[in-house]
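Report on one structure; see the data block that follows.
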Amino acid sequence: MSERRKPYPFDQIEPKWQTIWEERQMFHAPNAGEKNFDPAKPKFYILDMFPYPSGAGLHVGHPEGYTATDIIARYKRMRGCNVLHPMGWDAFGLPAEQYAIKSGQHPAVTTRENVAKFKSQLKRIGFSYDWQREINTTDPRYYKWTQWIFLQLYNSWFNPKTNKAEPIKSYRGKNPDEVRLAYVADVPVNWCAELGTVLANEEVVDGKSEIGGFPVVRRPMRQWMLRITKFAQRLLDELDALDWPEGIKLLQRNWIGRSEGAEIDFKIDGGQQKIRVFTTRPDTLYGGTYMVLAPEHSLVDLIVTEEQWPAVREYRERTARKSDLERTELSKEKTGAFTGAYAINPATDEKIPIWIADYVLLGYGTGAIGGVPAHDERDLEFARKFDLPIRQVVQPLGGEDPIGFIGEGIAINSPAIDGLPSREAIRKITQWLEERGLGKGAISYKLRDWLFSRQRYWGEPFPVVWESGKHRALDESELPVVPPPLDDYKPTGTGEPPLAKAKDWIRYSDEALRETNVMPQWAGSCWYYLRFCDPQNDKRFVGEKAEKYWMGGNKPGGVDLYVGGTEHAVLHLLYSRFWHKVLFDLGNLSKPEPFQRLVNQGIILGEDNQKMSKSRGNIVNPDDVIDQYGADAFRCYEMFMGPLEQMKPWSMRGVEGVARFLARVWRLLMRENQASEWELSPAVQDVDLMKAQQRIVHATIKKVTEDIESLSFNTAIAQMMIFVNAFTNAESLPVSALRTFLILLNPFAPHIASELWEKLNAKFKDVRGDMAEQAWPTYDERLLAEDEVEIVIQVNGKVRDRMKMSILATEEEIKSAALENPRIRELTSGRTIRKVIVVPKKLVNVVA
RNA sequence: GCCGAUGUGGCGAAAUGGCAGACGCAACGGACUUAAAAUCCGUUCUCGCGAAAAGCGAGGUAUGGGUUCGAAUCCCAUCAUCGGCACCA
């Protein structure tokens, strides 16, 4: 790099202040009982989504949200809050392990290196994290409690009567293993051969693994599951009171996917069994001309006839081989097989054929449907393909084609409900079914139970052992369960977890073997915000008092502001809420929700307006930016780019512009003497402010304060630029105005603000203390007001002239002044003035 | 296909019912300099009438309509881009 002279010595002052902050531990937030804890201060918990420390290091997208939260954190401290602003590492899981496998090093080693790199990068940006609270999900002192939470899930059940999680002891049924919130099931899972593990539905995108983009196939395996579906209704309802973007709430609602309808039992013709179906349109029951089971449905084996057996078996094998991708790609063409069996439509008492088809999913509803081809697109397509009868039972209100009509209309050909509009028909037929014991109203959710085990090495081991084919949870006292130091931790590829290779480790006792699956990546991040409240506690996952204090307040959610990317809208944010509710129900937490306010930062694109990626070569590394322009410029540019939540492209020119602004701030106070040393400018004097100066000082306080509160950092910076432009070239610079300005600047550019503050302190004795200890200034609305304002005069909405009026002028005075204005008179002459609208202090509109 | 977000100068953007383009970038001109960089000052939406400047007029916030004295902002329709879901019965 050329030895261009730096516009101001950021390369010296930035490390200097970072060292001072660290030495004095200025951003440590004391808990109750610690020294310097002030119970009079209100708490403010502001949280970033902690990163996966990948090998690539930080890119400029990470610090966008982090800078926003840091500004708020520093601002809130100056406003007298006790601010919890922590950082940690989400270091278990697939990305870390894939990287380790690629680089040939043990994940523990690469994780340690990556954490060190991320931490040093974050420190260079000057974030005011309380590093005493740093946590790492791969630390046994941390994952001990992740395992402990798993035990809480294992040892509890969801009581539908109380609508709460309760200790398993309160369960009165025979087999508690059927209701535990953590349970084992043989289920068709998303198996990714390349990654050697199963994945959660949420981790599969378009039939490929979210990480790596490898093919994923369906395959039945014995897995640990978490009964999140029991909480579907609460996860839905309790969204309402959260201050989250509506879009994110909607994503979660859609993911949970609640539908109201009915469950209806169809008798099998000539058999004892019943097949239960779920439908949102029980009013179309009379139109049910056939029935479809999911190919994997357990009743298929029992009902299939001799002659149809080969065709059914062939079809089932074919669908089982299909990956999710194929199943959706081939969705245009319906497939299926006839079982040879018949069911009785409970409304019409007609015999209808039972088919299997892969457009019916085992995991949703009851895994079976009554086919109503006239009023369902998919059923219609299926019926046409296989030549099944189509019977209209809903009459559209408009002139639409009744066949394939899926909207609401009037029930026809349905004796029990003929003539009723759809909604009423639904109510009536549901009642009709209930009276006859044929069905009942029901609610179904798209949300599935959470597949919680992974066949990998780099994750939390389960605190579970197996004894004569049965699982048993370990006692709390046996935690943490530490994984063995395996040399060969690569996935086996067979579905057997790598931990199975540790022959000594898995032998728990003569009778018992350890569970060899590990928990998924999301486990550690599900509760890390709780651990931050009390990270050193080795008696409890979080101390009661600490949790009450930091997660307290009068809203349902504990964290006051949570900033992170939209990509976690349904994964992390849903899982966290689920765990939180379980822990809350069991009496371990004081609030039902983790995060009160959520803000998503937008993605930062490369200079070419494309998503940053290695292959495009458009990645910007924060270290390079800081080398050239300094951390303060980096921070300010990240915020000046545009609204926080918006997607926006990076621009090095833009960084330069912001760096110029900071250099102007520096030179406003400092000048270079003949020995090329920086010294305080003689223009800085202890003098009173002129009226115009006072006005701009107070306008800047107002704008910056309000903009920080509304997270509009870009316009806050613009206002500070206006301030500097206004004071540049002033003959004398009142020290009080500069002090106020530096306080406002401090959350954005803390290094330069601290340094200049120190320079002022060295010469002027008017104020004591460090920059970071100063109180946030307040503004006086009276000092903002000008004596005179310019008022725009419009004729028919078009600006025709302006005039200066006293701020005190009445509406009447403004009106007559406008009408007397010669230009306006000229323009309105010969016309009748019909109306005059006066907006005080702003404008007059003459309607002629 | 369904749901959601966004659309304003050469570029990032501001203004959320009252002067469109604050602030910054870029470009151009000037000052300083032997020169350059840096810095400081100024100009820059489009078209028309002015020799030119000042000035004046008209148009302009994706497109077409509407509400209103007044619309980037509210309503309806269309188009484009981005994101999510996608046989969920």
Side-chain angles (χ1 to χ4, degrees), chain A residues 2 4-7 205-206 245-251 253-255 257-259 261 277-281 284 292 327-328 330-332 334 357-361 363-372 375-379 381-382 406 444-448 566-567 569-570 600 602-603 605 607 609 611 636-637 640-643 645-658 660-661 663-664 667 712 714-722 724-725 728-729 790-802 834-848:
Chain A
S2 66
R4 194 158 55 81
R5 202 171 59 79
K6 303 259 193 295
V205 179
D206 290 335
E246 276 309 314
I248 299 295
K249 287 189 185 181
L250 198 69
L251 283 178
R253 287 193 189 109
N254 290 344
W255 192 265
R258 180 187 202 270
S259 326
V277 304
F278 174 77
T279 175
T280 54
R281 291 297 296 272
T284 62
V292 186
R327 238 167 126 150
T328 45
L330 299 172
S331 68
K332 291 148 209 140
K334 290 273 178 292
D358 66 359
Y359 84 92
V360 174
L361 308 172
Y364 182 74
T366 60
I369 63 155
V372 184
H375 306 295
D376 183 286
E377 282 173 333
R378 299 147 300 184
D379 293 349
E381 207 185 316
F382 190 79
I406 57 169
S444 194
Y445 301 92
K446 284 204 281 186
L447 184 69
R448 311 292 158 85
T566 337
E567 65 271 21
V570 283
N600 295 118
I603 295 170
L605 305 170
E607 299 222 44
N609 246 302
K611 228 178 200 161
C636 288
Y637 176 66
F640 189 62
M641 289 171 81
E645 302 187 52
Q646 193 169 301
M647 184 190 289
K648 43 209 178 285
W650 188 265
S651 155
M652 277 302 178
R653 298 275 198 191
V655 184
E656 217 168 297
V658 174
R660 264 201 292 263
F661 158 65
R664 280 162 67 96
R667 287 193 314 269
S712 310
N714 53 333
T715 48
I717 293 171
Q719 179 63 34
M720 291 191 279
M721 288 172 169
I722 291 170
V724 172
N725 291 347
T728 297
N729 296 333
E790 192 179 68
I791 290 183
V792 168
I793 313 174
Q794 296 181 334
V795 176
N796 295 333
K798 295 206 190 310
V799 180
R800 295 302 177 181
D801 207 350
R802 297 135 209 275
R834 288 183 295 164
K835 206 170 177 186
V836 179
I837 287 140
V838 178
V839 182
K841 295 181 212 176
K842 277 192 180 149
L843 121 175
V844 187
N845 189 10
V846 180
V847 185

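Within every chain, numbering begins at 1; the chains are lettered A, B, ... in the order of the sequence lines, protein sequences first and strands thereafter.
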Donor-acceptor under 3.5 Å ([X] side chain, [Y] main chain):
{"X": "A:Asn845", "Y": "A:Gly797", "answer": "yes"}
{"X": "A:Asn714", "Y": "A:Phe640", "answer": "no"}
{"X": "A:Arg834", "Y": "A:Val846", "answer": "no"}

Exercise: identify the closest heavy-atom pair between A:Val792 and A:Val799: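 Smallest interatomic distance, heavy atoms only, reads CG1-CG1, 3.7 Å.
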
Closest approach of A:Thr566 to A:Ile248 (non-hydrogen atoms, all atoms of both residues):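 Shortest heavy-atom contact: CG2-CD1, 3.4 Å.
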
Strand RNA chain B as a dot-bracket string - pairs counted if Watson-Crick or G-U with both distances under 3.5 Å, | where the partner lies in another strand: (((((((..(((.....[....)))((((((.......))))))(((((.....)))))..(((((..]....))))))))))))....

Contacts of A:Ser444 that satisfy side chain to side chain donor-acceptor pair (under 3.5 Å) - sequence neighbours left out: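 Once residues adjacent in sequence are excluded, A:Ser444 has no partner under the side chain to side chain donor-acceptor pair (under 3.5 Å) criterion.
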
Sequence neighbours left out, what passes side chain to side chain contact (heavy atoms under 4.5 Å, CB included) with [X]? Give chain and number order.
{"X": "A:Arg653", "answer": "A:Ser651"}
{"X": "A:Glu790", "answer": "A:Arg802"}
{"X": "A:Asn254", "answer": "A:Leu250"}
{"X": "A:Gln646", "answer": "A:Pro643"}

Could you pull out all residues at least two apart from [X] that satisfy salt bridge (charged side-chain N to carboxylate O under 4.0 Å, His left out)?
{"X": "A:Lys446", "value": "none"}
{"X": "A:Lys611", "value": "none"}
{"X": "A:Arg664", "value": "none"}

Closest nucleotide among [options] to the [X] side chain:
{"X": "A:Pro643", "options": "B:A14, B:A89, B:C3", "answer": "B:A14"}
{"X": "A:Gln794", "options": "B:G12, B:G18, B:A89", "answer": "B:G18"}
{"X": "A:Arg802", "options": "B:G18, B:C19, B:C3", "answer": "B:C19"}
{"X": "A:Thr279", "options": "B:C19, B:G12, B:A89", "answer": "B:A89"}
{"X": "A:Ile369", "options": "B:A20, B:C40, B:A89", "answer": "B:A89"}

When you compare [N] with [M], how far apart are their [atom1] atoms, in angstrom units rounded to a whole number?
{"N": "B:U16", "M": "B:U34", "atom1": "P", "result": "50 Å"}
{"N": "B:U44", "M": "B:A54", "atom1": "P", "result": "8 Å"}
{"N": "B:A71", "M": "B:A5", "atom1": "P", "result": "25 Å"}
{"N": "B:U81", "M": "B:U8", "atom1": "P", "result": "14 Å"}
{"N": "B:G12", "M": "B:A26", "atom1": "C1'", "result": "11 Å"}
{"N": "B:U78", "M": "B:C28", "atom1": "P", "result": "45 Å"}
{"N": "B:A77", "M": "B:G84", "atom1": "P", "result": "26 Å"}
{"N": "B:C41", "M": "B:U46", "atom1": "P", "result": "24 Å"}

If you look at every strand shown and take non-hydrogen atoms under 4.0 Å, does [X] touch a base, only sugar-phosphate, or nothing?
{"X": "A:Leu251", "answer": "sugar-phosphate"}
{"X": "A:Ile837", "answer": "base"}
{"X": "A:Met647", "answer": "sugar-phosphate"}
{"X": "A:Ser259", "answer": "sugar-phosphate"}
{"X": "A:Val792", "answer": "base"}
{"X": "A:Lys446", "answer": "base"}
{"X": "A:Asn729", "answer": "sugar-phosphate"}

For nucleotides 58-60 of chain B, give me every protein contact, N/O to N/O, under 3.5 Å, one pair per line with atom names.
residue: B:A58; atom: OP1; partner: A:Arg800; partner atom: NH2; Å: 3.4
residue: B:A58; atom: OP2; partner: A:Arg800; partner atom: NH1; Å: 3.2

B:C87 base / A:Lys334 side chain donor-acceptor hit below 3.5 Å: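 Looking at the base of B:C87, it does pair with a donor or acceptor on the side chain of A:Lys334 (distance under 3.5 Å).
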
Provide, to the nearest angstrom, the distance between the [atom1] atom belonging to [X] and the [atom2] atom belonging to [N].
{"X": "A:Asn845", "N": "B:A71", "atom1": "CG", "atom2": "C1'", "answer": "13 Å"}
{"X": "A:Arg667", "N": "B:A38", "atom1": "CZ", "atom2": "C1'", "answer": "8 Å"}
{"X": "A:Glu645", "N": "B:U16", "atom1": "CD", "atom2": "C1'", "answer": "15 Å"}
{"X": "A:Leu447", "N": "B:C85", "atom1": "CG", "atom2": "P", "answer": "14 Å"}
{"X": "A:Tyr445", "N": "B:A89", "atom1": "OH", "atom2": "P", "answer": "13 Å"}
{"X": "A:Glu246", "N": "B:G4", "atom1": "CD", "atom2": "C1'", "answer": "11 Å"}
{"X": "A:Asp358", "N": "B:C87", "atom1": "CG", "atom2": "P", "answer": "11 Å"}
{"X": "A:Tyr364", "N": "B:A86", "atom1": "OH", "atom2": "C1'", "answer": "14 Å"}

Residue whose closest nucleotide on RNA chain B lies nearer the 5' end, A:Arg281 versus A:Tyr637: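 Its nucleotide being nearer the 5' end, the pick is A:Tyr637.
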
Residue whose nearest RNA chain B nucleotide is more 5′ - A:Ile603 or A:Asp376: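 Nearest-nucleotide comparison on RNA chain B picks A:Ile603.
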
Glycosidic class, syn or anti, of B:G9 using a 90° window around 0: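 Base orientation: syn.
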
Syn or anti for B:G65 (syn when the glycosidic angle lies within 90° of 0):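 Anti, since the glycosidic angle lies more than 90° from 0.
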
Protein proximity profile, nucleotides 22-30 of chain B - base contact B, sugar-phosphate-only contact S, no contact -, cut-off 4.0 Å on heavy atoms: BBSSS----

N or O in side chain of A:Lys835 less than 4.0 angstrom from B:C69 OP1/OP2: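 Indeed, a polar side-chain atom of A:Lys835 lies that close.
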
pair A:His375-A:Arg281: side-chain heavy atoms closer than 4.5 Å: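 The answer is no, as the side chains (C-beta and beyond) never meet within the 4.5 Å cut-off.
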
For A:Tyr637, all residues meeting ring-ring contact (aromatic ring centres under 6.0 Å, His included), sequence neighbours excluded: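 If we apply the ring-ring contact (aromatic ring centres under 6.0 Å, His included) test to A:Tyr637, skipping adjacent residues, the hits are A:Trp650.
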
